[in-house]
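A short write-up of the structure that comes next.
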Amino acid sequence: MTTVEQPSSTAHNFLKTIIEEDLKSGKHSSVVTRFPPEPNGYLHIGHAKSICINFGLASEFGGRCHLRFDDTNPAKEEQEYIDSIKESVRWLGFDWGEHLYYASDTFEQLYQWAVCLITEEKAYVEDLNAEQIRAYRGTLTEPGVESPFRTRPVEENLDLFARMRNGEFPDGSHVLRARIDMASPNISLRDPVLYRILHTPHPHVGDAWKIYPMYDFAHGQADAIEGITHSICTLEFESHKPLYEWFLDNLPVPNRPRQYEFARLNLTYTVMSKRKLQELVQHGLVSGWDDPRLPTLEGLRRRGYTPASIRNFCEQIGVGRSDSWIDVSILEESVRADLNESAPRAMAVLRPIKLVIENYPAGQSEELQAAHHPQKPEMGSRTIHFSREIWIDADDFMETPSKGFHRLTVGGEVKLRFGYIVTCTGVIKDEQGAVVELRGEYDPASREGIHTADGRKVKGVIHWVSAAHSISAEVRLFDRLFSDPNPDRSGADYKQFLNHHSVETLTGCQLEAALTGADMETRYQFERMGYFRQDSKDSTPDTLVFNRVVTLRDVWAKK
RNA sequence: AGGGGUAUAGCCAAACGGUAAGGCAACGGCCUCUGACGCCGUCAUCUCUUGGUUCGAAUCCAGGUACCCCUGCCA
């Protein structure tokens, strides 16, 4: 029924090709993927791409996808992030079932494997400090220099490593390194650090450990332990692949996963790096991690984006290996497409100006029926009221209309949606000459259709609400957070591109009475204005607050 | 004298030696009680570039060019 769901199985990409071949050749009998976030921040739309790829591939090929926390650095990780990440993945519509894992649950196994490497003279305890290690590492064009501790005897390494674990040494005093090749052109192979000492409690395993494995030493092995077949990550990990494989080659791991990389998502008019998002929050440039202008999943959720629209977006942008910039309008178009199908319509006057229908009796009113959806009668209808005084949007009236304007003008006529045709007979102005009220007359015979008594067709249809029946609300109009397509442009501070009009708060907006007690989750289309949803934090039954998810397309406004 | 990647339309992206899908955007037109939605049509003689192989090349080969990633005890 919904046009939002794409025939995803037909949209091909290189990862599907690889999996199809692996299944066909018998290399794997089923596919197991994983989404491996580090719980050091909130998820954003870029993570959604990864989530959709990993869970999507598993589901398309009848396999499973694990949720695994890559929690190897307790200095940056918190339980709050673990909770938020789980919630965001669930909200997006994915289910890891029983397969929730923590890299930290493999710490004992990893320790034993580290001991294996030491025993086989493939790892050693380093006494050099961080600065020295860096200096010895060499540069992109010059080979590194071997550490004097590289040839430390196995027994001594074993003893030192055990004492590192026991917490006998302070942070930074020692590190465990793999002995690979200090002259490798691939810097990640120049005796990479495997373990560092960190006297920091861990959100998942508490204070059980004083040493923590590095990402490189944990990730591939966790993949192997979980039986991951296709370990899918972003392009910047490509140079780590030889190291990923070195561990699998040199350790008695139970399975042989394979790493594949794809290009991360870049979106125009926003920033995606954790550091920058954090800075925006900490400097109060946005209201929090769930600010509706942010590309965080919590922000998009609060804004009113639907999980389906984000999944569909991820499907539409595809998966490739070339750096790409997706225009944010594709995201916006995706939520429009979804909400156009599902959102019940309502009328809301955002910038009210009163129109008094002088030929309609004071104190009288009548009920009209308005369909919830123009193309879906099965969605039913609601009752709206018509009376002598109504609110219309100030933007729908022009005293001196510009060319092509076909809403209300003095002496002109317009159709009130679901109501009557009205003619504006005059305006009332204040001392400054600003129009403060409109006067008009209605045609009692014009309830049906948009034709006047003499057969003409009115050009414009506008939304409105009865002043005696409307309810007041606050409406927040959001725009892009940045005014530049790429605020991350090198050489400039991204904050200088902040759009200072990215949120406009309107109070005293007049909504039709049927919105009283509206359901918090329901997204509405305020006719001609866009899609709106109540703000999950600030809206209450007494003081409704609506967020604009996205505008409607507006070819008139473009002119 | 480093290594690893990537170049197909304004933005993404298919193609697997057989004659350039699709989406978004844009532009015409139709429809419409939302300037919405929907519908119809147009939109790469050509795949970063220069050569080569071939009956045939976006696909294979050689040489250029541009951009991205890698020198955390981050992931």
Side-chain angles (χ1 to χ4, degrees), chain A residues 3 6 10-13 17 36-38 40 70-73 75-77 126 129-130 133-135 137-144 171-177 183-190 193-198 212 214-216 218-219 233-242 261 263 268 274 315-327 329-330 332-334 336-337 340-341 345 347 371 373-375 404-407 415-419 421 446-451 457-463 485 525-530 551-559:
Chain A
T3 58
Q6 292 289 307
T10 65
H12 223 262
N13 64 53
T17 304
E38 182 191 16
N40 69 342
D70 237 334
D71 53 352
T72 56
N73 185 4
K76 295 184 174 177
E77 298 154 6
E126 174 67 275
N129 63 35
I133 288 175
R134 192 181 319 122
R137 186 148 37 219
T139 69
L140 295 178
T141 53
E142 298 161 328
D171 288 8
S173 59
H174 299 279
V175 101
L176 183 74
R177 291 231 252 171
S184 173
N186 182 338
I187 292 177
S188 66
L189 257 22
R190 317 239 265 232
V193 172
L194 269 31
Y195 272 91
R196 74 289 217 184
I197 299 170
L198 240 35
Y212 292 93
M214 299 290 288
Y215 161 84
D216 286 310
H219 197 89
C233 61
T234 44
L235 247 24
E236 66 269 25
F237 289 99
E238 187 158 30
S239 59
H240 294 239
K241 183 146 64 177
E261 312 84 17
T268 57
K274 243 167 222 176
E315 186 60 42
Q316 288 195 14
I317 59 176
V319 185
R321 285 175 60 85
S322 58
D323 294 323
S324 59
W325 281 88
I326 304 295
D327 197 294
S329 65
I330 293 180
E332 295 168 344
E333 195 48 43
S334 177
R336 279 192 195 104
N340 178 51
E341 295 293 320
R345 267 89 240 232
M347 291 200 284
H373 192 112
Q375 280 86 232
F405 182 80
H406 51 240
R407 277 107 96 160
K415 170 78 176 184
L416 296 178
R417 172 125 244 235
F418 302 117
I421 291 172
S446 62
R447 272 271 296 273
E448 302 296 326
I450 53 169
H451 292 273
K457 204 173 173 180
V458 297
K459 293 174 301 203
V461 179
I462 65 172
H463 56 98
Q525 183 196 99
F526 289 170
E527 295 216 21
R528 305 204 308 131
M529 302 308 291
T551 61
L552 253 33
R553 280 184 81 237
D554 188 349
V555 298
W556 167 247
K558 282 181 183 175
K559 292 178 181 170

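Below, all heavy atoms of this structure are taken into account, side chains as well, without hydrogens, waters or symmetry copies.
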- prompt: Can you list the residues that meet the salt bridge (charged side-chain N to carboxylate O under 4.0 Å, His left out) rule with Arg345(A), with sequence neighbours excluded?
  reply: none

- prompt: Do Ser329(A) and Asp327(A) have side-chain atoms, one donor and one acceptor, less than 3.5 Å apart?
  reply: yes

query: Which value, in whole Å, describes the distance between the P atoms of nucleotides C37(B) and A14(B)?
result: 28 Å

message: Using the P atom as the point on both nucleotides, what is the distance between G51(B) and A21(B), in whole Å?
response: 26 Å

- line: Of Gly419(A) and Val193(A), the one whose nearest nucleotide on RNA chain B sits closer to the 5' end is Gly419(A)

- request: Could you measure between the two P atoms, the one in G52(B) and the one in A58(B), and give it in whole Å?
  value: 15 Å

- prompt: Using the glycosidic torsion, which applies to G38(B): syn (within 90° of 0) or anti (everything else)?
  reply: anti

task: Examine the base of U71(B) for any acceptor or donor lying under 3.5 Å from a partner atom in the side chain of Glu142(A), and report the outcome as yes or no.
output: no

- request: Provide, to the nearest angstrom, the distance between the CZ atom belonging to Arg336(A) and the P atom belonging to G35(B).
  value: 15 Å

message: Between Lys274(A) and Glu38(A) (salt bridge meaning N to carboxylate O under 4.0 Å), is one present in this structure?
response: no

- request: Considering only atom C1', compute the distance from U45(B) to U19(B) and round it to an integer number of Å.
  value: 10 Å

message: Parallel, tilted or perpendicular: which one describes the rings of His240(A) and Tyr215(A), with boundaries at 30° and 60°?
response: perpendicular

Mind listing the N/O atom pairs, protein and nucleotides 10-14 of chain B, below 3.5 Å?
{"from": "C11(B)", "atom 1": "O3'", "to": "Trp325(A)", "atom 2": "O", "distance (Å)": "3.2"}
{"from": "C11(B)", "atom 1": "O2'", "to": "Trp325(A)", "atom 2": "O", "distance (Å)": "2.7"}
{"from": "C12(B)", "atom 1": "OP1", "to": "Trp325(A)", "atom 2": "N", "distance (Å)": "2.9"}
{"from": "C12(B)", "atom 1": "O5'", "to": "Trp325(A)", "atom 2": "O", "distance (Å)": "3.4"}
{"from": "C12(B)", "atom 1": "O2'", "to": "Ile317(A)", "atom 2": "O", "distance (Å)": "2.7"}
{"from": "A13(B)", "atom 1": "OP2", "to": "Ser322(A)", "atom 2": "OG", "distance (Å)": "3.4"}
{"from": "A14(B)", "atom 1": "OP1", "to": "Val319(A)", "atom 2": "O", "distance (Å)": "3.4"}

- line: Taking A75(B), U71(B), U32(B) as options, the one with an atom nearest any side-chain atom of Glu236(A) is A75(B)

field: Nearest-nucleotide comparison on RNA chain B, the residue closer to the 5′ end among Arg407(A) and Thr141(A)
entry: Thr141(A)

message: Does Arg345(A) contact U34(B) through a side-chain donor or acceptor facing the base, at a distance under 3.5 Å?
response: yes

All N/O contacts under 3.5 Å from nucleotides 64-66 of chain B to the protein, with atom names and distances to one decimal?
none

